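Just so it is clear: chains get the letters A, B, ... in the order the sequence lines come, proteins before strands, and each one is counted from 1. Just so you know, these numbers come straight off a predicted model, no measurement behind them.
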Protein chains: 2
Amino acid sequence: MSRPTVNDIAREAGVSLATVDRVLNARPGVRAKTVSAVQDAVARLGYVRDMAAANLARQRRYRMVAALPDGDSQFVETLAEALTEAAQSAVTARMELEITRYPAEDAHALAALLGRMAPQDVAGVAVMAPETPVLRDAIRGLKSKGIPVIALASDLPSTERDHFVGIDSRAAGRTAAVLMGRFAGAASGQILAVAQSMQLRDAIERRRGFDEVMLADFPGLEVLPTLETHGSDATLRAVVTEALRHARDVRGIYLLGAGHRALAATLADLGLTGRFVVIGHELTPHTRRALLAGHIDAIITQNLGHLARSTLRVLRAKADHAPIDEAQEQLRVEIVLRENLPPDQ
Amino acid sequence: MSRPTVNDIAREAGVSLATVDRVLNARPGVRAKTVSAVQDAVARLGYVRDMAAANLARQRRYRMVAALPDGDSQFVETLAEALTEAAQSAVTARMELEITRYPAEDAHALAALLGRMAPQDVAGVAVMAPETPVLRDAIRGLKSKGIPVIALASDLPSTERDHFVGIDSRAAGRTAAVLMGRFAGAASGQILAVAQSMQLRDAIERRRGFDEVMLADFPGLEVLPTLETHGSDATLRAVVTEALRHARDVRGIYLLGAGHRALAATLADLGLTGRFVVIGHELTPHTRRALLAGHIDAIITQNLGHLARSTLRVLRAKADHAPIDEAQEQLRVEIVLRENLPPDQ
DNA sequence: AGATTTATGAGGTACGCACCTCATTTCGCG
DNA sequence: CGCGAAATGAGGTGCGTACCTCATAAATCT
């Protein structure tokens, strides 16, 4: 009736509790034959370890670290908040999460930070950073110490990261494109693409997905070369103003990265508010307000709460050398309009 | 350093462990002054009960029941699957979920089912059913026995249900409307609305939200009176064919309930596939295929995995008389297009 | 003040599991 | 066959909490 316990397994397998324990925890000193006898009993009874009791007994604490770039990015702030919140409900699972900031763009500082970590006090690390050779080496160093590493929000595929938690940027770009094409509702015209920098993997991937769909499904709409703002509002204003002067039939603006506020201000000053379909990424307080104000038509985003919880689950699984339920960790590409904007908090 | 335990509380409050236990578990026989002394200590030390250990010791099992309508609804099937899956990972939390089916449309059968439940073997009930006086009484009965009840997917606001788990149908309808209006991309025309029955609260609410947005933002588009199919494919075919004959400028079809397959077949037979914007609700294997095939342009849905997990969390909280984290239980109105269709499973 | 009720303390057992020690059995091998 | 090594058993302790009993202390009433 009730769930079988280790004692039931011992009885069923005809061995002692000590042996069951040795097998379950992969401790040495058990003959192969005995191991399989125990495993058979486990399978037969459908035993599942009571993780709560196991953790209680194990008395182990998991100190995880998340390394996020410093700076004033709303996305990073929102992500940090989500992580903090997720960490709170993870205390019951004996997990703690320390959120560390490193100077953005400073790969060496990040590498130094990661280099200082020791397996005895860090059970796993989540890193959000652009891919650089320096970081690649730092991650290799962590791995060689036996510390699991996962990439957060932005993937690091060429490194030895154990996992990536975040959405597929290309799929996000494709989704943005469908909405752009259908909302624009025009057979022809031009689309402005604006990004912080086309060096960032996310922006590249989004643009790629965007182009794929635009070319295939909305061939009449021409997506102009990506304008780069380098994180400066002034630059954004300048390049967008310039682009709008030249391109006379612009139907939409695709914001691959940040800059929603600067764009809204620029369009307002040009008296063009509401004239284009504007589609952006990531739901933050800024983009939320922009959606409500009608300055943005749609936001393609991921649920940061899920992302945060997934991060902790994956870190934990990696620390325990346990398998990951890929299906559960799959994050959806979400579409947010004013009408389905989730309530704040 | 580590989390404080009940022993720390006892020491801090200057009382014995037994008294701390009495206070924490709201057992009688403690003076008000002592109670607050303990509570102060809890607050001072920031004690949080180790739920894992508590449940282990409590040795309590939570048997929950979900009552779903019988029949061949894909939505109900998918929901049942999600509940089953969520229940599997809830065994660690000592919860079991029994999914019971009752004859759809038979409020008395459901009421009888609920009436048989006793507090000693049922810790909480989730009900998905239309609101009827019979059900209202049955829920009142459960509540008087001390069994918490929550409404699943479809709300029962006029009953004494403890909670509703599901999305706001009106918001879902509003979202459908924005997409319809923008995808249709026409200043004028007509929209067909098709529902199983306009007796169902969900359909009414969706239609209300849909109308609100259409009237306000797309005044040129006229939403025709809802066609009712009563769950019959033949009826759907008949009423839609008839409606399309009369209305000459139809731009879109809004499916408030089930019937995606019948609609696709009907449109195919009329040679009208792809001529209208089709928007529906709830992601199921059927609607997934329809999206992929291009028979549907968008699906407004809720994440059934979240719904299922939320259901269990809320039931548990209610059974424990614990507070609910409203923010976490908030389900989002999700928009699914072909491009952001989540991978199957 | 004495009797009675009410609060509190002390201490134990259990939950399912991890992890330890030490004795005993079984195995492999020369 | 005998020996050392490897495998296994028996039994204990502790994790943080619930819940129980019984004794004792304190408050309350007459």
Side-chain angles (χ1 to χ4, degrees), chain A residues 1-39 41-42 45-62 91-95 319-322, chain B residues 1-39 41-42 45-62 90-96 123 316 319-322:
Chain A
M1 198 75 278
S2 191
R3 289 173 56 191
T5 74
V6 274
N7 281 293
D8 301 324
I9 300 299
R11 201 175 326 111
E12 176 80 11
V15 299
S16 78
L17 215 142
T19 301
V20 172
D21 178 69
R22 289 179 186 117
V23 173
L24 288 182
N25 296 291
R27 272 185 265 279
V30 185
R31 251 180 312 165
K33 214 169 83 181
T34 315
V35 169
S36 50
V38 171
Q39 285 169 342
V42 166
L45 298 186
Y47 167 82
V48 259
R49 192 199 298 253
D50 183 329
M51 284 310 285
N55 289 326
L56 183 61
R58 206 181 321 247
Q59 186 53 0
R60 171 173 180 185
R61 308 201 70 83
Y62 298 80
V91 291
T92 29
R94 324 197 97 67
M95 283 196 276
D320 282 343
H321 300 288
Chain B
M1 195 78 278
S2 192
R3 289 172 57 189
T5 74
V6 273
N7 282 292
D8 300 325
I9 300 299
R11 201 178 324 113
E12 175 80 11
V15 299
S16 79
L17 216 143
T19 301
V20 172
D21 178 69
R22 289 182 187 114
V23 173
L24 288 182
N25 296 291
R27 272 185 267 277
V30 184
R31 254 179 309 167
K33 212 168 84 182
T34 315
V35 169
S36 52
V38 172
Q39 284 168 345
V42 166
L45 298 185
Y47 168 81
V48 257
R49 191 199 298 253
D50 184 328
M51 284 311 285
N55 288 327
L56 182 61
R58 200 175 335 239
Q59 190 51 1
R60 170 172 181 186
R61 308 201 70 83
Y62 298 80
V91 291
T92 22
R94 322 197 99 66
M95 283 196 275
E96 295 157 27
R316 171 59 171 272
D320 283 343
H321 300 287

Integer-rounded Å distance: [N] [atom2] and [X] [atom1]:
| X | N | atom1 | atom2 | result |
| --- | --- | --- | --- | --- |
| A/K33 | C/dG28 | NZ | C1' | 14 Å |
| B/R58 | C/dT13 | CZ | C1' | 17 Å |
| B/L56 | D/dG14 | CG | C1' | 12 Å |
| B/R61 | C/dC15 | CZ | C1' | 11 Å |
| B/R31 | C/dT6 | CZ | P | 14 Å |
| B/L17 | D/dG16 | CG | C1' | 10 Å |
| B/D50 | D/dG16 | CG | C1' | 6 Å |
| B/Y47 | D/dG16 | OH | P | 10 Å |

Please list, chain by chain and in numerical order, all residues satisfying side-chain contact (heavy atoms from CB on, under 4.5 Å) with [X], sequence neighbours excluded.
| X | answer |
| --- | --- |
| B/D21 | B/N25, B/R27 |
| B/A37 | none |
| A/V35 | A/V23, A/V30, A/Q39 |
| B/A53 | A/L56, B/D50 |

Checklist entry - Do you know which of A/L24, A/V42, A/V38 makes side chain to side chain contact (heavy atoms under 4.5 Å, CB included) with A/V6? => result A/L24
Checklist outcome for this item: Between B/V30 and A/N55, whichever has its closest DNA chain C nucleotide further toward 5' is B/V30
Checklist entry - Got a sec? Which of residues 5-13 of chain A come in under 4.0 Å of DNA chain C, heavy atoms? => result A/T5, A/V6
Checklist entry - What's the shortest heavy-atom distance between B/T5 and B/D8, and which atoms? => result N-OD2, 2.8 Å
Checklist outcome for this item: All heavy atoms of B/E12 vs all of B/A41, minimum pair found to be CG-CB, 3.6 Å
Item to check | A/T19 side-chain N/O to D/dG9 phosphate OP1/OP2 under 4.0 Å | outcome: yes
Checklist entry - Just how far is it from atom CG of A/N55 to atom CZ of A/R49, taken to the nearest 0.5 Å? => result 9.0 Å
Next on the checklist: Rounded to the nearest 0.5 Å, what separates atom OH in B/Y47 from atom CG in B/N7?
Outcome noted: 9.5 Å
Checklist entry - Within the structure shown, what part of the strands sits under 4.0 Å from A/A54 by heavy-atom distance: base, sugar-phosphate, or nothing? => result sugar-phosphate
Checklist entry - Listed in order of residue number, which residues of residues 21-28 of chain A have a non-hydrogen atom at under 4.0 Å from DNA chain D? => result A/R22
